[in-house]
Amino acid sequence: MSKPLTNKFNELLRQSPISLHVPGHKNMTIGQLEQLDFKMDMTEITGLDDLHQPEDVILKSMEGISKHPDYEAYYLVNGTTSGILSVIQGFSAQKGKYTMVRNAHKSVFHALELTCQNALLLEMDISLKTNQYLGPNLSKLPDEMQDTKLAIFTYPNYYGECFDISYTIMKLKEAGVPVLIDEAHGAHFGLEGFPSSSLNTGADYVVQSYHKSLPSLTMSSILFIHKNAPQRKNVIKYLTYFQSSSPSYLLMTSLELAHDFYKKYDSALFFEKRYELISTLKQIGLEVIEVDDPLKLNISGNGYTGFELQKLFEMEKIYIELADNNQILLVLPLWHEEDMYPFELLLERLKNINFEKRKANNKTEIEYLTEKGVYYSGEIDKIRNININKSVNKILATHIVPYPPGIPLMFKGEKITENMVKLMNYWQDSNLRVEGIKNHKIEIKDE
């Protein structure tokens, strides 16, 4: 066997890559994962308990994951996705509708497909800094919550921006609406100098991808369930459905180690190194866009697309989280005393990047759909192609995904409005790459 993955990783590691992307252990240079031993990759032998009926060491370990006294922590070894699927499935038999934001993770839509239920898509606000979905239009929120059995929000967004989550949860509680917060990118929230977690607002369910920002292994996440959360028994039951019957003890142990890291973390050194990194980035001619989460930096350069910047960084073996037409996104390490992160090498390699002086070009601003809509789940068996201009009030048969950033902006099953037609024509006339549109034609449900 040629072992392509093994060979590729060996080749990459020989080049001493520097991580400015997830996972949070940054190529095993952050945290205490050296305490993991591959010999810990065992099964449920005597004394090692059972994740699907924890009564001993796993139960004690999860009880040690304490971020707020009102919550119990449940290990997720199939990623945050398994937590989201379980919560949404747990409410499927209840009367009412799901209400959600447009920048929800794809697992939310997968859950709706599995439950064969529809959802109200909330009116959204757009960030002036990153041109990404920021959060729901809070002025419209109370009216949009009628008959909602579960509300689903993303906090923070992928680029590290937050909205007023405290006000949002307060309004939901007044309306008696349970809420799931996808806090995948906020496992480090609550550390000094970082935003507050939605755990402090009384949200019913909060799911965090520990591996994205804390030093745990990829796929290791935690679902926090409030002690008074409705449907908690159902949700816990579905956790056994959506997770492997052979859960990895390496993943669970890495969660324990990551939480221990979180509880002991002192962020002073982080902010010192962050300041030095930002100074270096500006020194070499880049613009640094700071957002609510100090762990995220959005970087742009005059005359450069994000994709061009990504290539320049990768020429120096510096790997970023993502690029779009206007910027790149860096996910910083949680630097700490005696970490193994190659910080000085990072600064040296950044200074080696040769940026040409270019005239500033106009930023490509993707016009996001902000209005209220409905997501219709279920398979669409009969479809046909139609010109965009003849599609008003028709039902989309496929997601419409401008790329970048690769986030669906219109969804399969959603009824097409005049504004959606206007946006699709704008994208086509601007020669933007949009998945789901070809030669001004889209796929719709054939009534």
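Because the structure is a prediction, the values reported are computed rather than measured.
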Between the side chains of [X] and [Y], does any donor sit under 3.5 Å from an acceptor?
| X | Y | answer |
| --- | --- | --- |
| E183 | S198 | yes |
| T130 | E161 | yes |
| S209 | T80 | yes |
| Q428 | N425 | no |
| E256 | S61 | yes |
| N419 | E371 | yes |

Tell me whether the rings of [X] and [Y] are parallel (<30°), tilted (30 to 60°) or perpendicular (>60°).
| X | Y | answer |
| --- | --- | --- |
| F271 | F194 | tilted |
| Y238 | Y241 | perpendicular |
| H68 | Y71 | perpendicular |

Exercise for the section: Not counting sequence neighbours, which residues clear side chain to side chain donor-acceptor pair (under 3.5 Å) with Y205? List them please. Expected result: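 Y205 satisfies side chain to side chain donor-acceptor pair (under 3.5 Å) with no other residue.
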Practice task
Rounded to the nearest 0.5 Å, what's the gap from CZ on F91 to CD on Q117? Could you check?
Solution key: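 The distance works out to 12.0 Å.
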Handout entry: From OG (S220) to NE2 (H211), nearest 0.5 Å
Key =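 If we round to the nearest 0.5 Å, S220:OG and H211:NE2 are 6.0 Å apart.
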Exercise for the section: Evaluate ring-ring contact (aromatic ring centres under 6.0 Å, His included) for Y155 paired with F163, printing each intermediate quantity in order. Expected result: CA-CA 7 Å; Y155 172 89; F163 62 94; 5.7 Å; yes
Please tell me if the side chains of [X] and [Y] come closer than 4.5 Å, counting only heavy atoms from C-beta onward.
| X | Y | result |
| --- | --- | --- |
| P195 | P294 | yes |
| L122 | N137 | no |
| Y98 | S92 | yes |

Exercise for the section: Check whether the ring centres of F261 and H336 lie less than 6.0 Å apart, and answer yes or no. Expected result: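 Judged by ring-centre distance (under 6.0 Å), F261 and H336 do meet the cut-off.
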Exercise for the section: Begin from the C-alpha positions of K394 and E443 and carry the test salt bridge (Lys or Arg N to Asp or Glu O under 4.0 Å) through to its verdict. Expected result: CA-CA 10 Å; K394 304 297 183 182; E443 291 183 345; over 6 Å; no
Exercise for the section: Go through the steps for K372 and E123 under the test salt bridge (Lys or Arg N to Asp or Glu O under 4.0 Å), then give the verdict. Expected result: CA-CA 4 Å; K372 183 168 65 175; E123 186 170 328; over 6 Å; no
Handout entry: Option passing salt bridge (Lys or Arg N to Asp or Glu O under 4.0 Å) with E72 (candidates R232, K227, K67)
Key =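 The residue from R232, K227, K67 that satisfies salt bridge (Lys or Arg N to Asp or Glu O under 4.0 Å) with E72 turns out to be R232.
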Exercise for the section: For salt bridge (Lys or Arg N to Asp or Glu O under 4.0 Å), just list the numbers for K171 and E174, CA-CA rounded to whole Å, side-chain angles, deciding distance to a tenth of an Å, and then say yes or no. Expected result: CA-CA 5 Å; K171 287 298 180 183; E174 289 176 358; 3.5 Å; yes
